[in-house]
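Okay, structure first, notes after.
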Amino acid sequence: MAENTLGTDTPVTINVPDRPALEGLEQKLTSRWEETKTYAFDENTTREQVYSIDTPPPTASGSLHVGHMFSYTQTDVIARYKRMTGKNVFYPLGWDDNGLPTERRVQNYYGVLCDPAIAYDPDFKAPEKPAKNQRDWPRISRGNFIELCEELATEDEKVFEQLFTTLGLSVDWSRTYRTIDAHSRKVSQLAFLKDLEAGNAYMAEAPTMWDITFRTAVAQAELEDKEREGAYHRISFHRPDGEKVWIETTRPELLPACVALVAHPDDERYQPLFGTKVTSPLFGVEVEVKAHPLAQPDKGAGIAMVCTFGDTTDVTWWRELQLDTRALIGRDGRFAKETPEWITSAEGRERYERMAGATVFSAQKAVVEMLVETGEMEGEPKKIMHPVKFYEKGDKPLEIVASRQWYIRNGGRDADRREKLIERGREMNWHPAFMRSRYENWVEGLNGDWLISRQRFFGVPFPVWYKLDAEGEPDYENPILPDAASLPIDPASEVPAGYTEDQRGVAGGFIADPDVLDTWATSSLTPQIATGWGVDDDLHSKTFPMDLRPQGHDIIRTWLFSTAVRAETLAGSVPWHNTALSGWILDPDRKKMSKSKGNVVVPNDVLDKYGSDAVRYWAASARLGADTAYDEGQMKIGRRLAIKLLNASKFVLNLGAIQDSVITSEQQAQVVTNELDRSVLARLATLVEEATRAFENYEYARALQISETFFWSFTDDYVELIKDRAYGARGEEEQASVLAALATTLDAMLRLFAPFMPFATDEVWSWWRAGSVHRAPWPTAEGYSAVVNGADAEVLPTVGLALGGLRKSKSEAKVKQRTEVKVATITADASSIARVRAGEADLKAAGNVAELNLVEGDVDELTVSDVELVVETEEAK
RNA sequence: GCGCGAUUGGCGCAGCGGUAGCGCGCCACCUUGACACGGUGGAGGUCACUGGUUCGAUCCCAGUAUCGCGCACCA
């Protein structure tokens with residue numbers, strides 16, 4: 001197209017308010033956008049036209065945070081840009097209401113407990129008020145619990161949606177999902193069944209990281225190290241000849257669970273012992289001394305006690321050395337009540353009874369007391385600080401418990417898949433690029449497959465039953481699976497084909513898998529959920545793999561990685577082509593802002609105070625991946641810019657700068673003849689080119705910054721220079737030239753700023769254009785090619801420099817800027833003088849200069865000198 | 001231990017081989033007919049440090065320091 005990128009709308013009635021203001025724009029425009037479906041996705045489309053966004057589903061039960069405004073705005077800016085470049089933007093939003101936070105919130109809000117064993121009650125009504133005592137809370141079925149969750153989430157979501165629309169997110173609100181709704185459950189279960197069928201999901205009995213508070217297994221990605229005080233206890237094992245073997249341990253309570261001692265194969269101190277047996281202190285259990293390269297000679301005594309299971313290294317040794325299993329800590333975090341059969345001596349059994357049923361803490365106390373009694377511990381325990389593994393939401397150290405769990409192959413035990421996933425990571429464009437190394441670090445450090453089963457009640461249940469044999473034992477090898485068409489199902493209340501409800505739990509009958517899928521196992525499917533995988537093949541094929549995944553860098557190892565895993569197993573592709581990592585909001589002390597620190601700012605207050613465009617300006621000023629201090633100062637600047645945009649637009653439009661928006665660059669070239677005017681358009685063309693390039697690289701902050709810089713020079717210099725001419729002081733042709741340049745520039749500025757400040761720009765747009773700026777095309781440099789051809793972009797800044805010199809003289813003389821200059825001299829090199837000459841008439845008008853001497857000289861800088869001011873004296877007045 | 005990022009005027013940040021930029025704050029001035037929710041001008045930095053490459057380094061390379069983050073280890 002040879003047009004000037006001004007869109008295809010004919011001018012509408014000019015209607016510029018006398019006193020434009022930001023106040024009220026949010027409400028006015030959001031309802032207009034909703035009425036006209038400005039941001040609706042058009043299903044009648046091709047894949048090439050679509051730009052699809054895998055928006056992070058916020059935890060609806062969580063609190064609103066300025067961080068939400070920050071990262072969601074950054075995505076929205078990109079979405080708006082893409083829409084203006086002609087993309088059919090697929091921009092849905094989900095709500096994450098699947099998982100522990102929602103479970104706890106629903107429990108406490110209604111005063112109910114979920115019990116999957118209970119049948120669904122269609123007449124259930126939640127208690128009006130939660131009973132005071134948790135023991136009195138009614139137990140309800142999973143189905144009823146999910147309904148309550150949806151009910152409550154609906155309320156929570158309204159608050160979020162209100163915030164997000166006020167903020168101006170151009171989300172297609174007709175396309176929302178919840179991670180616990182029937183559609184998401186269906187996709188989640190279907191994906192699980194597909195993964196199971198393809199061998200990507202499997203069940204295994206294995207040592208598992210276990211949170212004793214939540215009574216559930218947790219995955220590697222949910223672990224967090226915390227520094228905790230511990231103590232080395234120096235304890236002696238006994239050789240057959242009576243010699244002592246000293247070991248050091250931080251967990252003496254695990255002595256009865258000891259299965260071996262391990263030292264490094266090259267450690268000469270212990271080489272003679274390898275293969276021999278020693279007996280444990282207190283309990284007199286025989287264990288073998290083994291060699292393994294993971295044992296560190298310089299750590300502790302150089303020889304370690306292996307227990308089932310004290311830490312992950314124990315698990316490695318246990319597996320690789322094929323040691324016995326003598327697990328004692330149960331799912332409640334207590335030692336087994338029964339004295340284990342491997343402790344045979346009467347003394348040993350007696351001693352175990354002193355710790356049977358005890359918590360880890362009490363058991364340790366008991367063991368230490370006994371060791372002191374028997375003299376098998378040397379000296380006092382040596383206190384140390386050491387990292388201990390915690391569930392990220394838990395406050396007690398994790399234990400390792402053997403249990404039957406579901407896993408998904410994620411490369412943790414499979415080098416080929418690991419390689420494949422790293423390769424997929426390299427197929428994605430990371431913004432910023434360096435974030436990819438975090439992904440690779442994580443993938444390379446995986447130490448096992450992804451544990452997806454959770455021993456919770458609320459969540460997406462595994463769509464699996466097991467046959468019970470004649471003894472009532474479940475057959476885990478041959479699970480009964482539902483038909484895909486029946487999904488979603490709840491196996492706890494639904495019956496597999498060919499069975500009846502009265503066979504549940506009965507020998508020869510069946511049982512349901514009791515577990516639910518980890519919340520990440522569903523969240524990892526947001527691209528599939530959002531694009532209608534398995535439900536709407538047409539939509540899916542036009543939107544997947546998605547174009548963009550925005551998210552925080554703190555959940556690369558969880559959300560980003562798990563999504564990559566599922567796309568690989570289910571589609572054999574990347575889930576998206578671009579991933580944009582937002583930074584964190586830091587408080588002014590440069591700590592991550594969080595609720596617990598009590599430094600949280602309420603988003604709605606901020607929006608009220610500064611306006612949405614201003615808040616967006618703050619968010620969009622930060623690059624992707626950059627942690628950013630919460631700074632209301634930046635919002636003030638954004639507000640100032642938005643107001644300036646309104647006022648400058650009002651001025652330009654009131655001058656009559658309102659050319660037809662379908663005028664071509666060629667036609668414009670006929671009109672815009674003044675060199676200063678051509679100069680500003682030449683600069684505009686460069687700006688458009690650079691801003692577009694920045695956006696294409698996801699550097700929206702740069703696009704904003706250069707647009708802003710241009711805009712201020714436009715208002716401060718150009719607009720000031722041309723006022724006289726624009727009023728017609730130098731004839732119609734000169735006036736026509738400047739008015740066309742003004743209209744063109746204003747039109748472009750509105751488009752350039754539209755992604756950042758959707759309210760102010762669309763408001764101005766409505767004063768003189770039809771439709772919404774958000775559906776107007778993004779400007780292109782080609783749109784200005786003819787009018788800019790041969791123009792000298794340096795005229796404006798050079799004349800601006802001269803104007804600055806005149807202003808400085810007046811400022812230093814402490815007189816009004818309007819003060820008349822009788823005469824002034826401008827000295828500069830030949831080309832600069834030529835440029836000043838091109839704008840001389842405007843310069844004289846703007847500086848109120850009667851006579852200007854332009855002097856060519858061999859100088860580096862343009863200078864303004866010999867300024868003679870006409871100073872009004874009191875008498876003259 | 002491995003890896004990533006940051007270090008630029010009081011503060012917040014750009015920039016990136018060719019004589020240091022922006023905004024806030026500060027100082028002085030100006031109610032000029034788009035805007036006082038404004039305008040004009042000004043002061044303020046040996047670009048963390050040490051080497052190297054180069055005609056030339058804030059920018060490239062190597063190393064050091066400090067801060068932040070990720071991963072791993074964790075007897």
Side-chain angles (χ1 to χ4, degrees), chain A residues 16 18-23 225 227-228 230 232-233 235 247-251 254 261-263 294-296 299-307 310-314 317 384-389 432 434-447 553-554 556-557 584 586 588 590-592 610-611 614 621-623 625-634 636-637 639-655 701-702 705-706 708-709 712 715-716 719-720 723 727 803-819 846 848 860:
Chain A
V16 184
D18 291 340
R19 294 177 59 208
L22 296 175
E23 280 66 31
D225 284 353
E227 282 289 321
R228 281 292 177 274
Y232 277 128
H233 298 73
I235 296 171
I247 60 106
E248 287 185 22
T249 178
T250 54
R251 302 207 54 185
L254 287 172
L261 298 188
V262 172
L294 219 56
Q296 294 178 27
K299 198 157 211 166
I303 184 164
M305 145 176 117
V306 185
C307 305
D311 59 37
T312 48
T313 321
D314 279 348
W317 282 325
I384 53 157
M385 291 300 289
H386 66 155
V388 178
K389 288 208 187 305
F434 67 79
M435 284 292 179
R436 195 182 67 204
S437 66
R438 298 203 187 182
Y439 173 85
E440 294 190 359
N441 276 173
W442 174 252
V443 178
E444 282 158 1
L446 288 169
N447 58 27
H553 58 66
D554 50 333
I556 288 174
R557 70 179 188 177
W584 277 341
L586 308 174
R590 304 213 60 85
K591 297 276 186 288
K592 189 191 175 193
Y610 300 101
S621 306
R623 292 167 303 156
D627 293 347
T628 303
Y630 177 73
D631 182 10
E632 295 197 6
Q634 198 67 11
K636 283 185 196 161
I637 301 164
R639 182 176 171 78
R640 197 168 73 111
L641 176 62
I643 292 171
K644 191 80 174 178
L645 189 63
L646 294 180
N647 283 314
S649 302
K650 172 185 139 190
F651 174 68
V652 166
L653 294 176
N654 281 341
L655 284 172
R702 179 171 161 71
Q705 193 213 315
I706 61 178
E708 190 185 359
T709 302
W712 285 113
T715 58
D716 291 351
V719 169
E720 293 301 328
K723 275 180 178 171
Y727 284 126
L803 179 62
L806 292 168
R807 284 167 169 167
K808 184 173 176 178
S809 301
K810 295 177 184 181
S811 189
E812 281 172 353
K814 302 194 175 183
V815 298
K816 297 178 205 172
Q817 288 296 323
R818 288 265 299 177
T819 303
N848 198 8
D860 291 340

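Letters go in sequence order (proteins before strands), and every chain restarts at 1. Just the heavy atoms: all of them, side chains too, but no hydrogens, waters or symmetry mates, feed the values below.
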For the [atom1] atoms, the ones on [N] and on [M], what distance do you get once it is rounded to whole angstrom?
N: B:C67; M: B:C60; atom1: C1'; result: 24 Å
N: B:A14; M: B:U8; atom1: P; result: 11 Å
N: B:C55; M: B:G15; atom1: C1'; result: 23 Å
N: B:C16; M: B:U54; atom1: C1'; result: 16 Å
N: B:C29; M: B:G18; atom1: C1'; result: 37 Å
N: B:C61; M: B:G68; atom1: P; result: 25 Å
N: B:U50; M: B:C11; atom1: C1'; result: 29 Å
N: B:U31; M: B:A20; atom1: P; result: 37 Å

Any base atoms under 4.0 Å from [X], or only sugar-phosphate, or nothing? Heavy atoms, all strands.
X: A:Q296; result: base
X: A:L294; result: base
X: A:A295; result: base
X: A:R702; result: nothing
X: A:K389; result: base
X: A:I637; result: sugar-phosphate
X: A:G633; result: nothing

- Query: Just wondering, are more than 12 heavy atoms of other shown residues or ligands nearer than 6.0 Å to NZ in A:K636?
  - Reply: no
Taking a pair as Watson-Crick or G-U wobble with both distances under 3.5 Å, which nucleotide is matched to [N]?
N: B:G45; answer: none
N: B:G23; answer: B:C11
N: B:C2; answer: B:G70
N: B:G51; answer: B:C61
N: B:G33; answer: none

Of the nucleotides [options], which has the atom closest to the [X] side chain?
X: A:R640; options: B:A14, B:G39, B:C71; value: B:G39
X: A:W712; options: B:G39, B:C71, B:G41; value: B:G39
X: A:W442; options: B:A14, B:C71, B:G12; value: B:C71
X: A:K808; options: B:G12, B:G42, B:C73; value: B:G42

Pairs: protein N or O with nucleotides 4-11 of chain B N or O, under 3.5 Å:
none

Could you tell me how far apart [X] ([atom1]) and [N] ([atom2]) are, to the nearest whole angstrom?
X: A:E708; N: B:G23; atom1: CD; atom2: P; answer: 9 Å
X: A:Q634; N: B:C22; atom1: CD; atom2: P; answer: 15 Å
X: A:W317; N: B:C73; atom1: CH2; atom2: P; answer: 12 Å
X: A:D631; N: B:G25; atom1: CG; atom2: P; answer: 11 Å
X: A:D554; N: B:C71; atom1: CG; atom2: P; answer: 10 Å
X: A:N447; N: B:C2; atom1: CG; atom2: P; answer: 20 Å
X: A:E812; N: B:G42; atom1: CD; atom2: P; answer: 7 Å
X: A:R436; N: B:C71; atom1: CZ; atom2: P; answer: 18 Å

- Query: Using the ring of each side chain (for Trp, its six-membered ring), is A:W584 parallel, tilted or perpendicular to A:H553, with breaks at 30° and 60°?
  - Reply: tilted
- Assess whether side-chain contact (heavy atoms from CB on, under 4.5 Å) is satisfied between A:T249 and A:L254, documenting all intermediate values. CA-CA 9 Å; A:T249 178; A:L254 287 172; over 6 Å; no
Taking N or O atoms only and anything under 3.5 Å, show me the protein contacts with nucleotides 30-34 of chain B, one pair per line.
unit_1	atom_1	unit_2	atom_2	d
B:G33	O6	A:R818	NH1	2.7
B:G33	O6	A:R818	NH2	2.3
B:A34	OP1	A:K723	NZ	3.1
B:A34	OP2	A:Y727	OH	2.7
B:A34	N6	A:E720	OE2	3.2
B:A34	N3	A:N647	O	3.4
B:A34	N3	A:A648	N	3.2

- Just by modelled atom types, is the A:Y610 backbone N or O under 3.5 Å from a matching donor or acceptor in the A:R639 side chain? yes
- Message: Any side-chain to backbone donor/acceptor pair from A:K810 onto A:T819? Under 3.5 Å, distance only.
- Response: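 Yes, the answer is positive, given that a donor and an acceptor are paired below the 3.5 Å cut-off.
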- Query: For A:G804 and A:K299, take the nucleotide of RNA chain B holding the closest heavy atom to each; which residue's nucleotide lies nearer the 5' end?
  - Reply: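 In this pair, the answer is A:G804.
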